[in-house]
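To start, the structure under review is shown below, and the notes come after it.
Letters A, B, ... are given to chains in the order of the sequence lines, protein chains preceding strands, and every chain is numbered from 1. Everything numeric here is computed off the predicted structure, so don't read it as measured data.
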Amino acid sequence: MADYPFQNIEQKWQSFWESNKTFRTPENVDTSKPKYYVLDMFPYPSGIGLHVGHPLGYIATDIVSRYKRMMGFNVLHPMGFDAFGLPAEQFAVEHGVHPRVTTENNIDNMLRQLKAIGLSYDWDRKLATTDVDYYKWTQWIFLKLFNSWYDTDQDMARPIEELIPRLETTHEGWADLNASQREEVLAGYRLAFLAEVPVNWCPQLGTVLANEEVTNEGRSERGNYPVFKRPLKQWMLRITSYADRLEADLDGVNWPEPVKMMQRNWVGRSEGAHVDFDVDGLEEKLRVFTTRPDTLFGATYMVLAPEHELVDSITQAQFRTAVDAYRKVAAGKTDIDRMSESKVKTGVFTGGYALNPATNTQIPIWIADYVLAGYGTGAIMAVPGGDERDWDFAEVYDLPIIRTVQPAEGFEGKAYTGDGAAINSGFLDGLEINEAKATMIAWLQENGHGEGTVNYKLRDWLFSRQRYWGEPFPILRGEDGSVRAVDAKDLPVMLPPMEDFRPTATDDPNAPPRPPLSRAPESWRIVEIDGKRFERELNTMPQWAGSCWYYLRFIDNQNEATFADPEKEKYWMGPLGVDLYIGGVEHAVLHLLYARFWHKVLFDLGYVTTVEPFGRLFNQGYIQAYAYRDERGIAVEATETVDQDGRPAMEVQDQPGRKFFYKGEPVTQEYGKMGKSLKNAVSPDEVNERYGCDTLRLYEMYMGPLDASKPWNTRDIVGVNRFLRRVWRNFVGEDSDAILVSDERPTDTQMRLLHKTIVRVTNDMERMSFNTAIAALIEFIAEFVALESIPRGVAEPFVLMLAPLAPHMAEELWQRMGHPETLAYAPWPISEDKWLVEDTIKLVVQVNGKVRSTIHVASDATKDDILAASKSDENVARFIEGQTIRREIYVPNRLVNIVVG
RNA sequence: GCCGGGAUGGCGGAAUAGGUAGACGCAACGGACUUAAAAUCCGUUGAGCUUAAUGCUCGUGCGGGUUCGAGUCCCGCUCUCGGUACCA
């Protein structure tokens, strides 16, 4: 046997696990045992397959799963595919291949790649969001949303039927309304409802585009067609009803603080006031939201978002040309561009004036793109003295600035946002901010100029997509425009078979959108109920829908009667939800907020038992790699990018002085998250073939801490591969192929090393510090390199500790050591205190905080002994000689610091 | 712009609660084994200084601060990465 035969061994154990169903979690587990639900954020089955960034999280959850099994837990560790989505549909549009075909091929390929890493998933629970018996339940949940409303009295969602008797008393004239009028009222309460919202509309593609698909110039990535912001009637989900709970319940979950912070900021609760301004020549009042009503005396001008609905009526004739031009430019920019393009604020005067109700003075009304239509009321009162953006704007356009808060002493900045007493503010003068706010709100309410209110940054969730490859809505529309839900018993609403997946293109930006499903056969589109004709909803759900609840389906994926059996749900989700959820921090707000929202709706309606879905969240870092963008700002394939000499970029990207080209066009190099967005993926297959998957697993974990981002570097892989081969040589005879484990008693030194290692590795497993766990195992085996054989008493615990990390080799060695059973459920080694006590301890001795010596003392030495020993040390003595000892600090087991001077 | 991370030798990283900065690995260099190469094993490796020691000085992105003691805490920056609501 020349070397570690990883191909044979890995193949052997992967087949063993598969045919023995080693990792099958039974439908009915022994519920007296503790459970552990370990979940990965499931992948999108992309055409290029897995890249080495995916397994980073999957290997980590696999290690945790294997470790927990050895610790005696019932482990639920499933995997699936988030398989609806844009790329399969675009491929279908371009090549005429049905998205289901592409998707299934991609899933097969990724499944092969996942299995080749030896991940211990219960594959019998595999699912894809595109499975009909999965999306049936996605539609079922949508019906629950449609048929529910948010009862602010009970602070929970309730079935819509409970609302109707209430409306009879609370809604004036309810009794006189006809059916469609009543439906209109109910729509204002439903958690799923229709509304007009602005979107990136590309008429030539006949579709709405993601911001990502829009170039810097406001054109489409595909085809380079113009893109317009225009309002479109869309399905929305009333996530804003849950704003307070989404924020408050973060206190109860074990999540990374930064993610909680991002969610809190995303919900963006802020207390403040609505203030209504009279506008010259306008019936309506102009309403703004402000978090600082106390600064009203300093409001010297107003700014509307260019899209604000009152811009037309406020704008005076001589300013109209400038205003229209400005609005047109703003419409072509994304929100991010509007805020980041430059620090210089732009805007135009409308010619209109409003009356500041506090000062009774006329203040000019401007429009500027630093005010966004989607936040607050889309209009602000500008207080340059107290807001940096307003100050900048006022400086550019020479608008008056009044301070309303006394700046702290020595303050030399521009806008002052700190604490202080009110000044220049009439009846508020002298009050601190909080008091001034309350006083102003009371004044506004008394005088009919506004009221105190809470505002959220969170917007309702836009839930329609003009696409084919998504869940169809279980919704029908009558010829009179009425909306009707499909009966739950008629689910699923299957995607109709189609050959052409293109939306209908047009040159007219104002033509109504014709989504792909408008091409579906009439037999699908048209439904007749009680003699009335209905057309099915032609939009589909966003990809988020399927990922909002998949963790629940894994619990009971075969159930045909319900999405998951309540008893099973209670066991696996209780008491705090999924025990460990690992995925990238890029999902910090969207996916994780949407899933929490759905979960809370299901909780309110009594379908799940926990308030939160994911008790513990962990973000793995990114594997990063170089990426390239063309002049339009669109990422191009890194693998097809070359340098000026025609060499592949992948080989020369870290050398200085390279210029890069893609299909002859110059591109810019950047560095970032590996993945489909930056088109810079590296496949794990190569590593698997060359070194084996135990090496891949070990390398990905050894690269650094799990939550840190780090660059992929093929060169470093040999390090952990050498470790594995060294282990193999230590355990298996080079010529004899015999196991080299002896039944001799381990030496005391070996036992101490073993137990120290058990403590280190167990600790590292608990805190998911796998890189240092591997380092401990490397150090351990280094002590045995010179030996002919390893005593069984230390060899077996070592193999067990290796098992979660490099399971194939560990299983093989375990079997060769005489164990017929898999080690997947063998108990994890336990350290014994008697091997952890040391006779002597090493202490560092510092003088004035600088290390001057190390001393060895008996582990039971007293502080006095230790200080005496420190001071008598030759080098220490040199530094304290002739000086007064001012302080003596002794940190047990660590150091002594003698302060002199 | 806004919200959230990160920055430690030539490289990836370690330092778990404020207590020896650089564990472990890569690369590099030197040596052993070998006809040779691969593989393997042993050793050196943050920078600098000197009287060469059980020595000294500097050193964790930059500038300040707190502390007996700071990679770690505080204040102010720089660069960089993630998100920014239709990529997921």
Side-chain angles (χ1 to χ4, degrees), chain A residues 2-3 41 43-44 46 82 85-87 199-200 207-213 256-259 261-262 264-266 268 334-343 370 374 389 457-459 461-462 464-467 542-544 547 584-591 593-594 619 621-622 624 654 670-673 675-677 699 702-705 707-711 713 715-720 722-723 725-726 729 763-764 767 769 771-772 774-779 782 785-786 842-846 848-854 873-875 878 886-889 891 894-895 897-899:
Chain A
D3 209 344
M41 289 186 188
Y44 173 77
S46 121
D82 191 13
L86 211 47
V199 295
N200 297 318
T207 188
V208 172
L209 298 176
N211 282 335
E212 187 185 62
E213 299 174 281
E257 264 326 302
V259 175
M261 184 101 63
M262 281 188 265
R264 287 198 185 98
N265 291 334
W266 189 262
T334 65
D335 286 359
I336 296 173
D337 288 340
R338 280 170 56 163
M339 291 179 287
S340 64
E341 213 164 53
S342 77
K343 288 185 181 174
Y370 81 95
R389 286 167 304 173
K457 276 206 187 86
L458 184 68
R459 311 202 290 259
W461 176 9
L462 195 160
S464 300
R465 300 292 183 271
Q466 294 69 47
R467 314 237 187 254
Q543 195 172 355
W544 302 114
S547 59
V585 70
E586 71 269 25
H587 296 290
V589 279
L590 298 179
H591 159 62
L593 205 64
Y594 294 151
N619 298 121
Y622 305 113
Q624 295 174 306
D654 51 357
E670 65 183 64
Y671 181 68
K673 181 177 83 163
K676 56 186 178 296
S677 290
Y699 173 61
Y702 194 61
M703 287 170 77
D707 56 1
S709 291
K710 47 240 159 186
N713 190 344
R715 193 185 61 193
D716 289 348
I717 296 171
V718 291
V720 288
R722 279 178 196 151
F723 161 65
R725 283 166 33 216
R726 187 181 296 170
R729 278 198 316 275
N763 247 327
D764 288 345
R767 64 190 183 111
S769 177
N771 53 333
T772 50
I774 295 165
L777 294 177
I778 292 175
E779 286 177 56
V785 170
K842 195 178 85 172
L843 289 174
V844 164
V845 184
Q846 300 180 332
N848 286 351
K850 284 191 196 299
V851 179
R852 295 305 178 189
S853 187
T854 56
D873 179 275
E874 200 182 315
N875 203 45
R878 266 177 52 202
R886 307 220 176 258
R887 233 173 126 175
E888 291 171 329
I889 291 152
V891 183
R894 292 212 179 255
L895 57 65
N897 188 11
I898 300 168
V899 183

- Query: Given that both distances must come in under 3.5 Å, which nucleotide forms a Watson-Crick or G-U wobble pair with B:G6?
  - Reply: B:C79

- Item | Of the listed nucleotides B:A14, B:G12, B:U40, the one nearest the side chain of A:Arg725 | B:U40

- Note on the structure: Result for 5'-nearest mapping on RNA chain B, choosing between A:Asn848 and A:Ala782, is A:Ala782

- Item | Assigned partner base of B:G22, Watson-Crick or wobble definition, under 3.5 Å | none

- Message: Just to be sure I understand the rule, does A:Val718 reach a base, reach only the sugar-phosphate, or reach nothing, if contact means heavy atoms closer than 4.0 Å?
- Response: sugar-phosphate

- Message: If I take atom CD in residue A:Gln846 and atom C1' in nucleotide B:C68, what distance separates them, rounded to the nearest angstrom?
- Response: 9 Å

- Just checking A:Ser464: base, sugar-phosphate only, or nothing, at a heavy-atom cut-off of under 4.0 Å? base

- May I ask you to say what A:Pro256 touches in the nucleic acid, namely base, sugar-phosphate or nothing, with a heavy-atom cut-off under 4.0 Å? nothing

- Message: Work out how far the C1' atom of B:G5 is from that of B:G61, and round it to whole angstrom.
- Response: 15 Å

- Query: B:C87, B:A21, B:G55: which one has an atom nearest the side-chain heavy atoms of A:Leu86?
  - Reply: B:C87

- Output yes when at least one side-chain N/O atom of A:Arg726 is less than 4.0 Å from OP1 or OP2 of B:C41, else no. yes

- Message: Please compare A:Arg894 and A:Asp707 by the position of their nearest nucleotide in RNA chain B and report the one closer to 5'.
- Response: A:Asp707

- Task: State the pairing partner of B:C41; accept Watson-Crick or G-U wobble contacts with both distances under 3.5 Å, and report none otherwise.
- Result: B:G31

- Syn or anti: how is B:G9 classified when any glycosidic angle within 90° of 0 counts as syn? syn

- Message: Any strand counts, and the cut-off is 3.5 Å on both contacts for Watson-Crick or G-U wobble. Which nucleotide pairs with B:C58?
- Response: B:G46

- Message: Walk me through whether A:Ser853 and A:Asn875 qualify under side-chain hydrogen bond (donor to acceptor under 3.5 Å, both in side chains).
- Response: CA-CA 7 Å; A:Ser853 187; A:Asn875 203 45; over 6 Å; no

- Message: Side chain of A:Arg852, heavy atoms from C-beta onward: which of B:G19, B:C11, B:C56 has the nearest atom to it?
- Response: B:C56

- Looking at every strand, decide which applies to A:Pro542 at a 4.0 Å heavy-atom threshold: base, sugar-phosphate, or nothing. nothing

- Side-chain atoms of A:Val589 come closest, of B:G19, B:G83, B:C24, to B:G83

- Taking only the side-chain nitrogens and oxygens of A:Arg715, find out if one of them lies under 4.0 Å from OP1 or OP2 of B:A27. no

- Task: Look at the side-chain N and O atoms of A:Asn875 and state whether any lies under 4.0 Å from the OP1 or OP2 oxygen of B:C56.
- Result: yes

- Message: Does the structure show a Watson-Crick or G-U wobble partner for B:A70, both distances under 3.5 Å? Name it, or say none.
- Response: none

- Item | Base-pairing assignment for B:C86 (Watson-Crick or G-U wobble, both under 3.5 Å) | none

- Task: Check every strand shown and say whether A:Glu779 touches a base, only sugar-phosphate, or nothing at a heavy-atom separation below 4.0 Å.
- Result: sugar-phosphate

- Item | Nucleotide of B:G83, B:A85, B:G19 approaching A:Asn897 most closely (side-chain heavy atoms) | B:G19

- Just checking A:Lys842: base, sugar-phosphate only, or nothing, at a heavy-atom cut-off of under 4.0 Å? base

- Task: Please check if the side chain of A:Tyr594 supplies one atom and the backbone of A:Ser547 the other of a donor-acceptor pair under 3.5 Å.
- Result: no

- Of the nucleotides B:U20, B:C68, B:A14, which one has an atom closest to the side chain of A:Leu895? B:U20

- Taking only the side-chain heavy atoms of A:Met262 (C-beta and beyond), determine which of B:C68, B:G4, B:G55 contains the nearest atom. B:G4

- Query: When you measure from the side chain of A:Met261, which nucleotide among B:U16, B:G4, B:U20 comes out closest?
  - Reply: B:G4

- Task: Side chain of A:Val844 only, please: which of B:C41, B:A23, B:U20 is the nearest?
- Result: B:U20

- Taking the side chain of A:Glu586 as heavy atoms from C-beta outward, which of B:C86, B:G82, B:C24 is closest to it? B:G82

